[in-house]
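Here's the structure we're looking at; comments come further down.
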Amino acid sequence: MVGLIAQFSIMPFIGFGLAKLTGLPAEIAASIILVGCSPGGLASNVMAYISGANLALSLTLTAVSTLLSPLLTPFLMKLLANELVPIDFLDMFWSIIKIVILPILAGLLFNHFARGRFKWLDKAMPVVSMAAITIKITIITASGRDSLLSIGFVLIAVIIVHNFPGYLLGYYGSKLLELDEKSSRTVAFEVGMQNSGLASGIALEMGRLATMGLAPAVFGPFMNISGSSLATIWKSKSKKIS
């Protein structure tokens, strides 16, 4: 509960505050809020594993926040970003179902009925996944070229300011509520590392990829750098955890 409440409160409201303070164009400001309203990303599980955090908790939080996202992400966007960009709750709900939930169900069915039968596919899919991420970022960057040239440095600064408090508040908030060290680290990763792929998909479904897709495109690579750096630091101290 601590992890889920932190996930859907800290980053959305930090994003809302930054969108208000920076005076960025409406759709780009909305994209910052969209990143904050997204569920935890899968990269957080990798960072939890590397750092010696509570991997079981990390996997559970990512799974549950993803399953809740069709309801909570549209609700939070309607609450926080509707004055910037018109938000249709039902349209966004269905978009998230298509982008996240249906592929998860398809993957579970495939894994259940065809596990181990197509070993070449097991080897190919990680490559396909990385290629898809690269292509996605390239398309978003190209389509939003003009916006990036005009506000690129400001957007990067906002993303940095958005990302780090997620780690700090997730970690120290958990410690304040007396979670153990490993669980506190896990919540920090879950809060600080968002599903930027989902945010990009929502921007595409809304027909605003060139604007609302920018913050997710910048946030994704940056959070992987900051998250892996934090995981490395914590890994070096993991032997001290009882």
Side-chain angles (χ1 to χ4, degrees), residues 1-22 24 29-48 51 53-54 57-82 84 87 92 96 155-199 202 212 215-216 218-220 222-231 233-234:
M1 289 303 298
V2 169
L4 287 173
I5 292 171
Q7 173 69 54
F8 288 108
S9 61
I10 292 174
M11 294 297 275
F13 285 98
I14 291 176
F16 175 75
L18 290 171
K20 285 287 187 180
L21 290 172
T22 53
L24 290 168
S31 75
I32 297 167
I33 300 174
L34 178 59
V35 169
C37 294
S38 298
L42 294 176
S44 62
N45 306 147
V46 178
M47 303 311 166
S51 66
N54 188 337
L57 177 61
S58 179
L59 292 167
T60 303
L61 282 172
T62 300
V64 175
S65 67
T66 299
L67 292 173
L68 290 175
S69 64
L71 292 173
L72 292 181
T73 297
F75 170 76
L76 289 167
M77 284 296 291
K78 186 76 174 178
L79 177 67
L80 301 175
N82 194 55
L84 298 171
I87 303 297
M92 189 172 290
I96 297 173
L155 182 61
I156 291 171
V158 169
I159 292 301
I160 293 172
V161 173
H162 197 185
N163 181 227
F164 282 117
Y167 298 132
L168 291 171
L169 294 175
Y171 178 78
Y172 287 107
S174 298
K175 297 291 283 187
L176 185 65
L177 293 170
E178 299 183 348
L179 270 66
D180 62 84
E181 178 68 19
K182 288 187 176 183
S183 297
S184 297
R185 293 181 180 186
T186 299
V187 173
F189 285 124
E190 291 298 317
V191 174
M193 306 188 75
Q194 304 293 83
N195 191 334
S196 58
L198 172 59
I202 292 173
M212 289 188 68
V218 176
F219 190 93
F222 181 78
M223 77 171 183
N224 286 323
I225 295 171
S226 63
S228 59
S229 300
L230 182 59
I233 293 170
W234 273 340

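The figures that follow rest on heavy atoms only: side chains count, while hydrogens, waters and symmetry mates do not.
To the nearest 0.5 Å, atoms CG (L76) and CG (L34) are separated by 11.0 Å. F16 contributes atom CZ, which lies 11.5 Å from atom CE of M77 (distance to the nearest 0.5 angstrom). In this structure, CG in L177 is found 12.0 Å from OG in S183, a value given to the nearest 0.5 Å. Between the OG atom in S51 and the CD1 atom in I233 there is a gap of 11.0 Å [rounded to 0.5 Å]. If you take CZ on R185 and CG on L57, they are separated by 13.5 Å, rounding to the nearest 0.5 Å. To the nearest 0.5 Å, atoms CD (E190) and CG (L59) are separated by 8.5 Å.
Residues forming a ring pair (Phe, Tyr, Trp, His ring centres under 6.0 Å) with F222 (at least two apart in sequence, or on another chain): F164. Evaluation of the ring pair (Phe, Tyr, Trp, His ring centres under 6.0 Å) rule for Y172 yields no partner, not counting sequence neighbours.
Of the possible polar contacts, none joining the N163 side chain to the M193 backbone as a donor-acceptor pair under 3.5 Å is found. Side-chain atoms of N54 do not come within 3.5 Å of backbone N or O of K182 as any donor-acceptor pair. A donor-acceptor pair under 3.5 Å is formed between the side chain of Q7 and the backbone N or O of S38. Remark: side-chain polar atoms of H162 are paired, donor with acceptor, to backbone N or O of M11 under 3.5 angstrom.
Between P74 and I96 the shortest heavy-atom distance is CD-CD1, 3.9 Å. Residues L18 and T22 approach most closely at O-OG1, 2.7 Å, considering heavy atoms. A53 and T186 make their closest contact through CB-OG1, 3.3 Å (heavy atoms, listed as atom of the first residue, atom of the second, distance). Counting all heavy atoms, side chain and backbone alike, A29 lies closest to A19 at O-CB, 3.6 Å. Residues Q194 and G36 approach most closely at NE2-O, 3.0 Å, considering heavy atoms. Of all heavy-atom pairs between G192 and F219, the closest is O-CZ, 3.4 Å.
P165 has its side chain out of reach of I10: every pair of non-hydrogen atoms, C-beta onward, lies at least 4.5 Å apart. Put simply, the side chain of L4 reaches to within 4.5 Å of the side chain of S65, judged on heavy atoms. Residues F8 and F75 have side chains not in contact (no heavy-atom distance under 4.5 Å, counting atoms from C-beta outward). The shortest distance between side-chain heavy atoms of T62 and S44 falls below 4.5 Å. Within the 4.5 Å cutoff, the side chain of M47 has no heavy atoms near those of the L230 side chain. The side-chain heavy atoms of L169 and I14, taken from C-beta on, include a pair separated by under 4.5 Å.
Residue pairs meeting the side chain to side chain donor-acceptor pair (under 3.5 Å) criterion with at least one member in residues 66-77: none, sequence neighbours excluded.
Between the side chains of S58 and N45, a donor-acceptor pair is found at a separation under 3.5 Å.
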**Request:** Go through the steps to decide whether F13 and L80 satisfy the test side chain to side chain contact (heavy atoms under 4.5 Å, CB included), and finish with yes or no.
**Result:** CA-CA 8 Å; F13 285 98; L80 301 175; 3.7 Å; yes
